[in-house]
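These numbers were taken from a predicted model, which means no experiment stands behind them.
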Amino acid sequence: MTRPALIASACIVIAGIAAITTVILIRGESSAAPQMSEEQRATREKFFGTGKALPPIEKGQEMRPRW
């Protein structure tokens, strides 16, 4: 093999190994997220509010804040 072909094949092998490693690492990170404790859930609800849907906007009600 010529030198440019050898360099190109080495680059292809390295790129393949990098791609496989990336896929393996991403799959490991995307596994199920840990569950929140009751204390964390209560703090989240206190800060962000409950997870319930917002009430519908009544007719004539303004959507902009009044400040």
Roughly how far, to the nearest 0.5 Å, is [atom2] of [Y] from [atom1] of [X]?
{"X": "Ile26", "Y": "Thr21", "atom1": "CD1", "atom2": "OG1", "answer": "11.0 Å"}
{"X": "Ile12", "Y": "Ile7", "atom1": "CD1", "atom2": "CD1", "answer": "12.5 Å"}
{"X": "Arg41", "Y": "Arg44", "atom1": "CZ", "atom2": "CZ", "answer": "8.5 Å"}

Query raised in the report: Taking Glu45 for the side chain and Ala42 for the main chain, is one N or O donor matched with an acceptor at less than 3.5 Å?
Result: no

Query raised in the report: So with a 6.0 Å cut-off around CD of Gln40, is the heavy-atom count from everything else above 12?
Result: yes

